[in-house]
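In the text below, chain A, chain B and the rest are named by the order of the sequence lines, each starting its count at 1.
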Number of protein chains: 2
Amino acid sequence: MANEREVTIYDIARELNISATTVSRGLQDHPTISKKTKKKIFELAEQLGYRSNHFARSLRNQKTNTFGIIVPRLNSHFMSSVIAGIENAANEHGFSLLIAQSSESSVKEASSVRTMFDSRVDGLLVSLAVDTTELNHFEHFFKKNIPVIFFDRVMPHENSVNILIDNRQAAYNATRHLIEQGCRRIMHITAPTLQNVYKDRLKGYKEALGEHKIKFREDYVVITNLSQEAGAEVAKSILKMKTLPDGVFVSNDSCAVGCMLALKEQGIRIPEDIAFAGFNNDPVTQVIEPHLTTINYSGYEMGQVAARHLINHVKDVSFVSSTNTIILRSELIVRASSLKKGRK
Amino acid sequence: MANEREVTIYDIARELNISATTVSRGLQDHPTISKKTKKKIFELAEQLGYRSNHFARSLRNQKTNTFGIIVPRLNSHFMSSVIAGIENAANEHGFSLLIAQSSESSVKEASSVRTMFDSRVDGLLVSLAVDTTELNHFEHFFKKNIPVIFFDRVMPHENSVNILIDNRQAAYNATRHLIEQGCRRIMHITAPTLQNVYKDRLKGYKEALGEHKIKFREDYVVITNLSQEAGAEVAKSILKMKTLPDGVFVSNDSCAVGCMLALKEQGIRIPEDIAFAGFNNDPVTQVIEPHLTTINYSGYEMGQVAARHLINHVKDVSFVSSTNTIILRSELIVRASSLKKGRK
DNA sequence: ATAAATAACACAATCGGTTGCAATTTTAGA
DNA sequence: TCTAAAATTGCAACCGATTGTGTTATTTAT
């Protein structure tokens with residue numbers, strides 16, 4: 001039952017009557033080691049089941065080949081896509097991933113940042129918790145000049161790169177689309193506007209309204225946690241309104257779906273009575289009936305882009321990027337949920 | 001731009017004119033260090049922004065407080081739920097998570113296992129790739145007696161614990177339910193039966209048929225990758241059949257949904273023409289119309305259970321569990337997609 | 001045949017933190 | 001005031017791998 005002892009380069013060295021230095025160099029295919037010796041080293045290493053100790057190497061080399069990822073939650077379609085994208089790119093270049101979720105709490109976020117720092121990750125990829133309002137908890141990273149990349153839910157900082165979409169524009173497009181379909185009483189269901197994503201979407205929403213001389217109504221903006229349940233809740237309050245809205249732009253697909261389902265149950269017709277537009281192009285948008293108009297942008301791609309940027313930064317010491325922000329493409333996908341004027 | 005140097009216990013020791021030993025002990029709240037000294041140490045540590053170096057500590061202590069996770073893919077509702085559950089439990093006990101995806105390839109799985117070993121994780125949580133047929137690539141772990149826990153997609157091994165549901169029973173229940181609803185020509189859409197999960201589900205399906213004297217038909221079993229697209233593909237071939245099936249039991253919700261959508265588009269009525277049952281209770285089951293009958297089991301819980309088991313194993317040296325398999329609860333949730341005989 | 005160049009390998013310090021044991025200081029008791 | 005016991009603290013080795021520099025063989029050139 002006792003654990004077998006760790007196999008080290010010293011074991012190989014002893015058995016081969018050479019120094020650990022030679023073994024180390026041999027395993028790294030160093031040119032000053034003879035072919036014959038290398039062969040012996042590799043063979044014995046294989047035979048003994050030797051595997052390099054990542055910690056020892058990291059300690060000595062002062063780099064870990066590991067990235068840290070902190071996201072609000074792991075179990076959302078978008079976030080897990082991002083992570084899959086990151087994993088894909090990171091793996092290609094031999095980087096491992098240390099992953100934590102903040103559960104939308106800035107306190108837990110800060111604690112995760114500390115853990116990541118303790119693990120001396122070579123870089124950090126972060127999507128901020130909904131209640132994070134400042135970046136003090138990243139100071140350790142900034143001070144040591146360890147790259148931090150924020151994606152999707154970002155916050156500007158001179159020492160870090162932001163990767164996101166143009167939320168304002170996307171929201172503007174979605175709202176304008178609803179207006180063009182004849183909607184005039186358009187609600188906006190979203191999350192607390194502390195975060196750029198929601199603030200910008202609200203801005204785009206307002207902008208589209210303004211441009212079409214539709215008066216902005218404070219009571220048409222509903223702040224929720226954007227869960228599917230929250231959507232159902234909002235549906236209830238919508239049903240209590242004297243005059244129903246004729247369009248709803250939701251910051252998130254699953255919340256939109258929750259709302260639609262609840263409304264449909266009460267006989268509201270979509271899009272005839274109320275048109276809907278969501279955000280994210282979650283798979284569920286193509287299952288709900290009518291299919292949900294939404295903003296499409298690829299989490300997988302965002303993850304890849306973020307990871308690749310980080311890799312460049314880390315691998316190339318001379319990589320001095322003045323890049324501050326990377327805006328990814330996003331597009332409005334029009335589906336039946338918003339087509340009041342019949343199919344195109 | 002130059003990175004600031006690492007702050008170590010030696011820096012603290014020097015400045016305080018004490019030894020590194022004392023600093024180390026002080027930071028660990030060791031009883032033999034005086035309160036006064038501890039206070040000074042903590043204060044200076046805070047001031048200098050000292051953070052313990054995880055690698056150095058791991059190297060010395062021969063444990064990393066890190067678990068490795070390898071899953072077929074990260075971006076599925078079930079898997080991301082499991083991971084969220086693992087993260088939750090692990091975080092409570094101060095464990096970090098190193099995560100990799102095998103992308104359903106046993107080759108990449110093996111490579112991830114090596115990486116995890118190199119990182120000297122204290123334990124491994126694995127859900128196997130669809131084409132993994134043996135566990136040789138885990139030998140390093142078994143030899144060193146590092147705990148490996150398999151969940152959901154498992155394979156029996158004397159040195160490891162399996163956490164899963166009773167797939168046979170669940171499939172039996174689902175199939176029997178379809179039969180009870182009057183189905184006689186029941187198809188089964190699933191994945192390659194190399195893996196326990198699919199093998200057992202097939203077994204349960206057959207068992208239910210047999211018990212009701214329904215002849216098993218080889219051509220009623222369709223092997224796919226269980227994606228939503230695959231579901232749509234199967235729909236096409238179903239439509240070509242001379243006699244349509246009157247029930248379909250799918251090993252996965254999103255595949256079932258893909259199939260249902262495609263069939264509905266061609267005018268097939270569900271459940272009247274064909275009844276459906278899925279597996280996993282993915283959120284999409286409650287969005288599709290009619291809502292999808294399915295097998296419910298919590299990925300989040302499975303993750304928590306797996307992580308807790310691993311933590312017990314790792315924390316308590318004397319923990320000698322003879323546990324070999326943990327079966328979690330699962331249940332059939334009946335929804336409209338299978339109710340041919342009207343609502344209850 | 002001899003000096004000079006090259007190839008192949010080893011020494012020893014280092015990365016940051018931990019710990020058994022020895023050494024020192026403080027406190028208490030007589 | 002002196003000594004034994006208790007409380008603090010320090011020394012030095014260790015975890016496993018890496019690397020600048022030095023050393024010893026082996027070639028090559030002259």
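- Against DNA chain D, the stretch residues 16-32 of chain B makes heavy-atom approaches under 4.0 Å through Asn17(B), Ile18(B), Ser19(B), Thr21(B), Thr22(B), Arg25(B), Thr32(B).
- Between Phe67(A) and Phe95(A), the ring-plane angle classifies as parallel under the 30° and 60° cut-offs.
- One atom, CG of Asn65(A), and another, P of dT18(D), lie 12 Å apart when rounded to the nearest Å.
- Contacts between chain B and DNA chain C, taken as any atom within less than 4.0 angstrom of a protein heavy atom, begin and end at dG16(C) to dC21(C).
- When each of Gln101(A), Arg153(A), Lys108(A) is tested with Pro72(A) by the rule side chain to side chain contact (heavy atoms under 4.5 Å, CB included), just one qualifies, namely Arg153(A).
- Atom CD1 of Ile9(B) and atom P of dT9(D) are 15 Å apart (whole Å).
- No side-chain donor from either of Ser24(A) and Thr21(A) sits under 3.5 Å from a side-chain acceptor of the other.
- Scored by the side-chain contact (heavy atoms from CB on, under 4.5 Å) test, Arg51(A) finds Arg114(B), Phe117(B), Asp118(B), Arg120(B), His140(B) as partners (sequence neighbours excluded).
- Val305(A) pairs by the side-chain contact (heavy atoms from CB on, under 4.5 Å) definition with Ile163(A), Ile326(A), Leu328(A), not counting sequence neighbours.
- Contacts of Ser80(A) classified as side-chain contact (heavy atoms from CB on, under 4.5 Å), with partners at least two apart in sequence or in another chain: Asn75(B), Ser80(B).
- Taking CG of Asn53(B) as the reference point, atom CD1 of Ile9(B) lies at 10.5 Å (rounded to 0.5 Å).
- Less than 4.0 Å separates DNA chain D from no heavy atom of any residue of residues 114-122 of chain B.
- Ring to ring, Phe150(B) and Phe138(B) are close: their centroids are under 6.0 angstrom apart.
- Scored by the side-chain hydrogen bond (donor to acceptor under 3.5 Å, both in side chains) test, Lys40(B) finds no partners at all (sequence neighbours excluded).
- Backbone-only contact: Ile33(A) has heavy atoms under 4.0 Å from sugar-phosphate atoms and none from a base.
- Remark: Asn136(A) pairs with Glu134(A) by the side-chain hydrogen bond (donor to acceptor under 3.5 Å, both in side chains) rule, at least two apart or across chains.
- Scanning for ring pair (Phe, Tyr, Trp, His ring centres under 6.0 Å) contacts around Phe142(B) gives His157(B), with sequence neighbours left out.
- Distance, Lys36(B) NZ to dT8(D) P: 9 Å, rounded to whole Å.
- Between the side chains of Ser105(B) and Glu109(B), no donor-acceptor pair of N or O atoms lies under 3.5 Å.
- Partners of Arg14(B) by side-chain hydrogen bond (donor to acceptor under 3.5 Å, both in side chains), not counting sequence neighbours, listed by chain and number: Asp11(B).
- Scanning residues 39-63 of chain A for heavy-atom distances under 4.0 Å to DNA chain C yields Leu59(A), Arg60(A), Gln62(A).
- The C1' atoms of five pairs define one axis at each end of the helix from dA1(C)-dT30(D) to dA30(C)-dT1(D), and these two axes lie 50° apart (to 10°).
- Tyr10(B) places its OH atom 13 Å from the P atom of dA12(D), with the value rounded to the nearest Å.
- In this structure, His313(A) contributes its side chain and Pro147(A) its backbone to no donor-acceptor pair below 3.5 Å.
- Looking only at side-chain heavy atoms (C-beta outward), Phe151(A) and Leu164(A) stay at 4.5 Å or farther from each other.
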